[in-house]
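Letters A, B, ... mirror the listed sequences (proteins, then strands); counts begin at 1.
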Amino acid sequence: MTLEQEQKQEQEQEHAALRESVAAFFSTGADWGRLTGELGLTALAIGEDHGGFGASLVEVGIVLEEAGAALLHSPLLSTTVAALALDPDLPAAASLLPALAAGDLIGAVALDGSCTARPDGDGFVLDGSFAHVLDAESAGVVIVSDGTALYAVTDPDIRPQPTLDQTRGQGTLVLWQAPGRLVARDAARAQDLLHAALAAESVGVARASLRVTVEHLRTREQFGVPLATFQALRHRVADLHVHLEQAVSSVWYALRAAGTSEFATAAPLAKLIATEAAWTVTRASIQLLGGIGFTWEHDAHRFLKRATANRLLAGDPVALRRLLLSRAGL
Amino acid sequence: MTLEQEQKQEQEQEHAALRESVAAFFSTGADWGRLTGELGLTALAIGEDHGGFGASLVEVGIVLEEAGAALLHSPLLSTTVAALALDPDLPAAASLLPALAAGDLIGAVALDGSCTARPDGDGFVLDGSFAHVLDAESAGVVIVSDGTALYAVTDPDIRPQPTLDQTRGQGTLVLWQAPGRLVARDAARAQDLLHAALAAESVGVARASLRVTVEHLRTREQFGVPLATFQALRHRVADLHVHLEQAVSSVWYALRAAGTSEFATAAPLAKLIATEAAWTVTRASIQLLGGIGFTWEHDAHRFLKRATANRLLAGDPVALRRLLLSRAGL
Amino acid sequence: MAPEVSLRAADVRAWLREHLTGEFAPLVGAGGPGREHEQLELRAKWERELGAAGWIGLGWPAPYGRGASIAEQVVFFEEYARAGGPGRLSHIGEYLLAPTLIAHGTEAQRRRFLPPIARAEELWCQGYSEPGAGSDLAGVRTRAELSGDRWRITGQKVWTSLAHAADWCFVLARTDPAATRKSGLSYLLVPMRQPGVEVRPIMQLTGTSEFNEVFFDGASTDADLVVGAPGDGWRVATRTLSYERGVATLGQQLGFARELDAVVAAARANGSFDDPVVADRIAEAWAGLQGLRHHALRALSATEPDPVGASVAKLLWAGWHQRLGELAMDVGGAASTVAEAAPYELTDAQRLFLFTRADTIYGGSDEIQRNIVADRILGRTPRGTR
Amino acid sequence: MAPEVSLRAADVRAWLREHLTGEFAPLVGAGGPGREHEQLELRAKWERELGAAGWIGLGWPAPYGRGASIAEQVVFFEEYARAGGPGRLSHIGEYLLAPTLIAHGTEAQRRRFLPPIARAEELWCQGYSEPGAGSDLAGVRTRAELSGDRWRITGQKVWTSLAHAADWCFVLARTDPAATRKSGLSYLLVPMRQPGVEVRPIMQLTGTSEFNEVFFDGASTDADLVVGAPGDGWRVATRTLSYERGVATLGQQLGFARELDAVVAAARANGSFDDPVVADRIAEAWAGLQGLRHHALRALSATEPDPVGASVAKLLWAGWHQRLGELAMDVGGAASTVAEAAPYELTDAQRLFLFTRADTIYGGSDEIQRNIVADRILGRTPRGTR
């Protein structure tokens with residue numbers, strides 16, 4: 001084994017350990033305080049200078065994937081994306097990072113809408129509105145885009161919205177002469193990060209949904225034999241596995257492309273592929289589970305609803321394909 | 001049984017007999033002379049006043065469906081559509097009908113292109129060009145559309161084109177001060193008829209392709225049992241059967257809607273549904289046949305190629321859906 | 001009973017216009033996917049209104065029904081749907097049990113049960129599916145024993161719509177424990193309002209409950225309330241499944257058309273209709289619905305029924321309807337992720353999307369329908385080797 | 001042998017630019033889907049040019065190959081594809097037989113066969129599929145008997161690409177007629193140029209012949225040219241199938257990219273690209289191809305191979321490629337129904353469309369790949385009950 005291979009294997013083992021410990025934590029229903037304080041999940045990708053661990057997007061992706069698999073009801077994705085979108089070289093951004101890393105401040109990102117930013121003294125005055133701000137209800141800071149740069153708005157005026165996916169809240173944000181501080185000069189990166197995060201999470205959703213489906217097929221009998229022996233169902237499951245594997249690969253690539261120019265195509269591509277996989281798997285899951293998958297008690301519909309939300313939010317498949325076409329220069 | 005039911009049953013028996021005799025004839029490889037002279041296929045839908053049998057489009061549909069199933073290499077579809085598009089109240093049209101009915105004159109229709117018609121004495125002078133004129137090579141008369149009315153052009157200047165589907169020829173038609181006679185005032189009807197005819201034929205293609213596929217699955221063994229026992233293949237065949245049945249129904253309806261205002265939507269709808277069914281069945285057929293379906297000797301590819309041609313000619317699925325959207329007033 | 005109204009479209013329309021008012025006005029457009037559980041009491045009254053006017057059992061032969069032709073029944077259903085008539089409560093008795101009794105029942109059974117169905121005085125539910133058996137009817141484990149002149153029934157059914165509203169249930173139960181699978185089942189008519197019958201609503205993914213579990217714990221019914229011979233229940237029940245739908249299909253399709261209209265309206269309202277990719281999918285849905293209609297009309301006009309026609313039709317409409325639900329969500333885009341109101345009131349699009357997940361499962365899943373079709377085309381295979 | 005060229009991209013590119021000229025210039029872009037049969041002689045010479053420079057067997061361990069890392073092999077394949085290098089003739093020996101010999105062969109076999117593969121002096125073909133057995137390797141009926149120190153082989157193989165160009169064939173044959181199915185098969189190395197071997201080209205739906213039937217009628221080979229133990233052929237052969245593709249995948253994908261570019265260019269040329277419905281499908285194809293690339297890179301970087309990775313990859317690329325062929329036809333629209341020239345010369349789009357029908361059949365059909373994946377995820381089932 002070469003040195004390169006050894007290092008790679010070591011890293012894979014570390015990732016597996018991270019995945020396992022995070023999944024175990026999520027399964028206990030640990031609250032925000034423990035997720036951030038004890039496990040330091042929001043600190044993961046924040047630099048060590050700012051109270052974080054300085055891990056890469058790869059580790060963040062593992063955590064978000066497991067959060068998706070657990071249908072975690074917490075503002076982890078939004079806070080993580082908010083923190084990653086900040087440019088630590090800007091003082092206003094740097095000042096937010098320690099609280100985000102510690103989990104004392106919950107962040108959200110507002111990209112679906114528009115606003116104008118007018119300089120005002122040290123900061124800016126923002127006017128506009130945004131819809132579908134994820135985890136907005138609990139956010140102490142919202143990172144908003146005026147199409148060019150990103151601004152931090154603290155104590156935002158949020159109107160919570162009831163959602164189809166009850167495992168994740170949403171809100172609308174109205175900015176009326178709201179004070180904001182410049183926290184990044186590249187607004188597009190926030191969307192790329194959100195795409196990558198939703199993609200990673202969707203892989204988790206797809207994987208967990210497929211897992212319970214497979215478990216059902218292996219144990220439940222019909223016509224006197226396990227459902228898992230019916231070739232039509234076997235082939236369907238094989239196709240779902242292929243979808244999932246493709247999604248895993250596209251997310252794998254996107255997470256590793258962070259920081260390169262390819263991220264601008266790899267992230268929306270991963271979002272497209274992973275949310276389509278989750279959508280396909282979770283719909284098929286309800287079919288394969290039969291009646292039980294239609295009940296409120298079974299998790300199948302919660303996976304479906306999260307997959308549906310992740311697919312339609314932050315750019316639906318048609319919009320993403322259009323974006324890719326333009327970014328690919330076709 | 002009511003009188004209505006008895007009449008219906010009697011008609012169904014007549015249709016079955018027509019279908020059977022036509023199919024038997026086609027299987028003998030009978031030539032044009034016998035198809036028209038002996039069987040009178042081109043006379044079927046021409047009025048009795050003009051040397052025809054005065055049957056309805058329903059009977060024509062049965063013949064065209066069997067022609068599709070047999071991948072008949074003859075200008076039957078084109079001659080039939082040309083004859084049906086003519087308005088027998090117009091003298092120039094009436095004068096063509098007896099020869100078309102007798103099979104002495106082969107007809108074609110040119111709708112994919114454009115031309116202008118300028119009155120000139122009793123007739124018109126036409127300038128323009130058309131592509132993808134089916135069976136053009138042998139046509140003695142081509143019915144062309146200027147977007148408003150139809151004109152008959154005799155001794156047309158045809159350039160034959162090599163085709164992917166070798167069982168049906170095509171040509172381009174160039175009109176340069178070509179003399180034409182007015183044969184119908186409603187150009188749109190010609191396209192509706194062509195759609196209905198291609199739809200009926202495509203049902204035949206799909207049915208015959210599915211038949212050979214089913215036969216293969218029932219006889220060919222793999223892993224020691226007939227392929228027809230593998231549930232994944234069984235379900236695929238079931239889905240193909242459902243496609244086919246839907247196509248049969250849409251053609252059934254369109255043929256009976258001829259002469260009503262619904263024909264303008266029913267015909268393109270049937271063309272859309274039936275060609276999609278044929279496309280789906282014939283592609284699946286090659287997969288289900290395995291290696292043998294990839295060979296030149298097997299008919300599978302001829303079905304696929306005819307299905308492909310019928311799908312792309314005279315309006316592809318996207319164009320048909322657009323047409324339907326506008327005709328449905330949506 | 002009121003004098004019968006003619007089956008001409010204008011007369012049917014006039015009757016509906018006259019009656020679907022006043023206290024029944026709130027029923028216009030009620031019921032439908034994901035709303036089977038709403039306004040039950042008023043809808044039951046509405047059924048009795050329909051029954052009194054002779055609209056139930058139109059196609060049954062005399063003396064129980066009017067022996068209306070298919071074309072006449074189509075007129076009624078199309079007008080009913082056009083008038084926004086509410087989802088029907090009596091359809092399980094009218095379209096599933098009644099044809100079964102007409103084909104397999106005794107004269108006494110017909111006399112006893114058909115008139116109250118026609119008057120909507122007795123509502124029915126279907127007791128086929130069981131937990132652990134799903135679409136595999138032959139896997140039924142509910143048992144019935146003849147004890148004196150009564151059957152005693154013990155077991156559990158699921159997926160039973162309208163069980164809480166029903167007076168009677170036709171139950172598939174194992175009456176010969178020694179016989180295996182298909183043989184040894186009997187088709188019993190069991191009163192719902194008795195001790196030993198418990199109905200528990202199943203909370204569904206929509207957050208509402210159309211379907212129920214039904215528990216039989218020593219419930220009983222008369223010895224002669226078995227349809228067909230004891231042990232012949234599997235054959236009787238599978239025939240019942242093939243009665244499902246039929247002419248009512250056309251009425252169902254007008255409901256589909258209203259749903260599609262709503263999707264088109266939403267696409268126009270939010271501008272997505274101007275996106276050719278969305279317009280293409282809307283056109284596809286529109287074309288698919290026309291196709292369903294043409295298919296139903298052809299099936300109804302056939303002189304000899306297609307033995308797998310019911311399965312083909314089910315696969316077609318269930319798939320179409322499910323895709324419509326998905327399209328409704330996509331047309332809404334990100335807005336489709338927001339519910340109508342807290343705590344969990346869904347929008348029409350969301351309800352359509354979620355509820356149509358069941359279309360390909362209940363009433364014989366897509367997989368079961370494909371098995372049936374394939375058996376016909378490719379020959380049967382032993383169940384065990386699937 | 002010429003001194004080895006470094007595996008840095010610039011050096012590989014320079015070598016290719018220098019050598020893919022002159023007599024080899026006509027090979028730029030040759031081969032590919034539906035063109036496997038073209039310019040065989042010149043392509044064989046080109047393979048020897050590659051072999052002489054050490055480009056064949058890059059990843060084999062020393063002393064047979066250069067032991068290049070995956071990243072280095074990727075460099076070579078990407079540059080090769082970018083330079084428009086022609087479809088390879090030696091890949092069956094290099095990517096299927098060689099890894100098999102390295103894993104299961106004897107040292108003598110490796111010494112005998114690997115060097116001529118690396119120099120492209122001996123080309124190989126694969127003798128697995130049979131008429132009536134298709135993707136079911138265990139159904140092989142070709143028989144081999146040991147007679148003295150020679151195996152005598154009798155039977156028929158189909159779907160054999162490049163058989164007419166090959167010097168050797170690895171043949172799966174039944175050596176124990178008493179044993180059933182998977183046991184009793186052996187993996188034999190058989191010379192093609194001998195009496196008793198007949199190659200008949202199969203005319204395909206494209207009107208051309210890439211694939212062949214191969215008839216063995218008493219052909220023979222040395223007793224020691226069996227890979228693995230006699231009777232162990234099924235295991236050796238199924239392992240070989242999993243070697244298929246691998247790093248060469250990335251080169252294949254650059255070929256796909258060229259095909260997609262041609263589709264985009266055609267859509268621009270005829271204006272269909274301006275139709276958002278077409279643009280959406282083109283974007284989907286583009287996204288799918290990126291997805292394939294990311295998948296291949298992830299698979300190559302894995303330290304532990306995914307046991308069903310080859311099946312997953314096959315399903316992904318075959319489906320994508322087939323859809324590309326369909327898209328190419330749709331982009332052309334009605335014009336796609338017209339051939340390039342009489343009597344039956346097809347356009348690139350038509351050839352792509354027709355030839356990619358085989359992608360989901362050969363090298364283990366989609367159905368077989370799904371069986372393999374499902375076995376892993378859901379547990380194996382006895383073959384007979386499928």
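Around the CZ atom of B:R327, the shell of radius 6.0 Å holds more than 12 heavy atoms that belong to other residues, nucleotides or ligands. Around atom CD of D:E198, more than 12 heavy atoms belonging to other residues, nucleotides or ligands sit under 6.0 Å away. For D:R376, the CZ atom sits in a loose shell: 12 or fewer heavy atoms of surrounding residues, nucleotides or ligands are nearer than 6.0 Å.
Between chain B and the options D:V278, D:T347, D:L346, D:D330, the largest number of non-hydrogen pairs under 4.5 Å is found for D:D330. The residue among B:Q166, B:H301, B:E297 with the most heavy atom pairs within less than 4.5 Å of chain D is B:Q166. Highest contact tally toward chain B, considering only D:A339, D:A342, D:G332, is held by D:A339 [criterion: heavy-atom pairs under 4.5 Å]. The residue among B:A232, B:P160, B:G291 with the most heavy atom pairs within less than 4.5 Å of chain D is B:G291.
With a 4.5 angstrom heavy-atom cutoff, D:V158 does not touch chain B via any of its atoms. Neither the backbone nor the side chain of B:A131 comes within contact range of chain D; no heavy atoms are under 4.5 Å apart. The part of B:R311 that comes within reach of chain D is its side chain, from C-beta onward, which places non-hydrogen atoms under 4.5 angstrom from that chain. The contact between B:L233 and chain D is made entirely by side chain atoms (from C-beta outward), counting heavy-atom distances below 4.5 Å. When heavy atoms are compared at a cutoff of 4.5 Å, B:Q170 approaches chain D solely by way of its side chain, counted from C-beta outward. Of the two parts of D:D366, the backbone and the side chain both hold a non-hydrogen atom closer than 4.5 Å to a non-hydrogen atom of chain B. Proximity to chain D (any heavy atom under 4.5 Å) is restricted, for B:R236, to the side chain, taken from C-beta onward. B:R322 touches chain D through its side chain: at least one heavy atom from C-beta onward sits under 4.5 Å away, while N, CA, C and O do not.
Counting only distance, with no hydrogens or angles, the side chain of B:K305 and the backbone of B:T163 share no donor-acceptor pair below 3.5 Å. Although no hydrogens or angles enter the test, the distance criterion places no donor-acceptor pair under 3.5 Å between the side chain of B:T295 and the main chain of D:Q204. Remark: side-chain polar atoms of B:E65 are not paired, donor with acceptor, to backbone N or O of B:A200 under 3.5 angstrom. At least one donor-acceptor pair closer than 3.5 Å links the side chain of B:H195 to the backbone N or O of B:A314. B:Q161 contributes no side-chain N or O that, together with a main-chain N or O of B:H132, makes up a donor-acceptor pair within less than 3.5 Å.
With contacts defined as side-chain heavy-atom distances shorter than 4.5 Å, the pair B:T308/B:D165 does not qualify. Side-chain contact between D:Q369 and D:I372 is present, with heavy atoms from C-beta onward closer than 4.5 Å. Residues B:F223 and B:F230 have side chains in contact (heavy-atom distance under 4.5 Å, counting atoms from C-beta outward).
D:D348 meets the salt bridge (charged side-chain N to carboxylate O under 4.0 Å, His left out) test with D:R35, D:R351; sequence neighbours excluded. With sequence neighbours excluded, no residue satisfies side-chain hydrogen bond (donor to acceptor under 3.5 Å, both in side chains) with B:D157.
Listed in order of number, the residues of residues 207-218 of chain B that approach chain D to under 4.5 Å between heavy atoms amount to none. Annotation: residues 269-280 of chain B contacts chain D through B:W279 [non-hydrogen atoms, separation under 4.5 Å].
Side chain to side chain, B:R302 and B:T167 fail the donor-acceptor criterion of an N or O pair below 3.5 Å. There is no side-chain donor-acceptor pair under 3.5 Å between D:Q350 and D:E340.
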